[in-house]
There are 2 protein chains.
Amino acid sequence: MVAQTELSDAEVDRIFHALADATRRDIVRRTLTVEASVSELASAYDMSFAAVQKHVAVLEGAGLVVKKPRGRERIVRGNPEQIRRAQALLDRYEQIWRSRIDRLDALLAGDGPSPQN
Amino acid sequence: MVAQTELSDAEVDRIFHALADATRRDIVRRTLTVEASVSELASAYDMSFAAVQKHVAVLEGAGLVVKKPRGRERIVRGNPEQIRRAQALLDRYEQIWRSRIDRLDALLAGDGPSPQN
DNA sequence: GTAACGTACAACCAAATGGTTGCACAAACT
DNA sequence: AGTTTGTGCAACCATTTGGTTGTACGTTAC
């Protein structure tokens, strides 16, 4: 089990915001499989190099992607660690939901009229 | 197992965008536990009623929350179904990552020099 | 050394976001 | 009936976003 670095609201904002764009999600998907330079990525989309470069910067700022220099290129790699962190966030919501169910179950275990939904 | 309604890019955009705001995440958290009217929610945050109402509208548009009328009030309830759908999306990325690992493992199972990271 | 390539960054622009106030209207209370 | 409460919506505003082009600069190739 990895130490769960507590994410600030701002960091969580950045993660979900970064994921809220189809191009950026595609970049993550792509670089989780094979790392690619920024210009390689850029050639895959119908927009300017600068636009793609900005998307990568957003992803990097959110920690969803890591850039390492190689010669004149910057190699982009998806960061599964951060994906897992995002999953953990959503898990929390699931847990909240489940604990509510548990409480209701406990309550209904006694008796009372069937709830109207 | 529930039929996995295929989400469009635009829908996924809306889900993650809705989650990219601390106030909205808090509304989801809150209404997963206890449903609340819009004005009840509004009283919990340091912003105008209209602002909170807009946040709720964004969440509703993303399907993360459901509103049902009760008298003059609109009762807001978190939608665990959609949360799960978001989780499923992130799971896909995890899978992509894992399948990459598998491929690398298969490759390295043979022989070859140890990779430089 | 010079040209080409890959990246970063600034300036600019249109559209979207997140907040505000004000108004309209239906439901509930007196 | 009249007032209060809860909601929705429009108009407005500042800021952010997502795109563009242009420029600068380090790295690689000739």
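A note on names: the letters A, B, ... follow the listed sequences, proteins ahead of strands, and every chain is numbered from 1.
In terms of phosphate contacts, A:K67 brings no side-chain nitrogen or oxygen within less than 4.0 Å of OP1 or OP2 of C:dT7. In terms of phosphate contacts, A:R74 brings no side-chain nitrogen or oxygen within less than 4.0 Å of OP1 or OP2 of C:dG6. Contact annotation: A:Q53 side-chain N/O to C:dT7 OP1/OP2 distance is not under 4.0 Å. Residue A:S39 places at least one side-chain N or O closer than 4.0 Å to OP1 or OP2 of C:dT7.
Distance from the side chain of B:H17 is smallest to C:dT17 among D:dT21, D:dG18, C:dT17. In this structure, the nucleotide among C:dA11, D:dT7, D:dG8 sitting nearest to the side chain of A:K54 is C:dA11. Taking only side-chain atoms of A:S48, from C-beta outward, the nucleotide of C:dG6, D:dT21, C:dT20 with the closest atom is D:dT21. Closest to the B:A51 side chain, of the nucleotides D:dG8, C:dG18, C:dT20, is C:dT20. Which of C:dT7, D:dG6, C:dT20 sits closest to the side chain of A:V38 comes down to C:dT7.
Within 4.0 Å of B:E73, counting heavy atoms only, lie sugar-phosphate atoms of the nucleic acid but no base atom. Using a 4.0 Å heavy-atom cutoff across all strands shown, B:A57 reaches no nucleic acid atom at all. Within the nucleic acid shown, A:S37 comes within 4.0 Å of sugar-phosphate atoms alone, with no base atom in reach, counting heavy atoms only. Residue A:A42 is classed as having no contact, given no heavy-atom separation below 4.0 Å to the nucleic acid.
Taking CZ from B:R84 and CG from A:D91, the interatomic distance works out to 12.0 Å, rounded to the nearest 0.5 Å.
One cannot find a donor-acceptor pair under 3.5 Å joining the base of D:dT7 and the side-chain atoms of B:R72.
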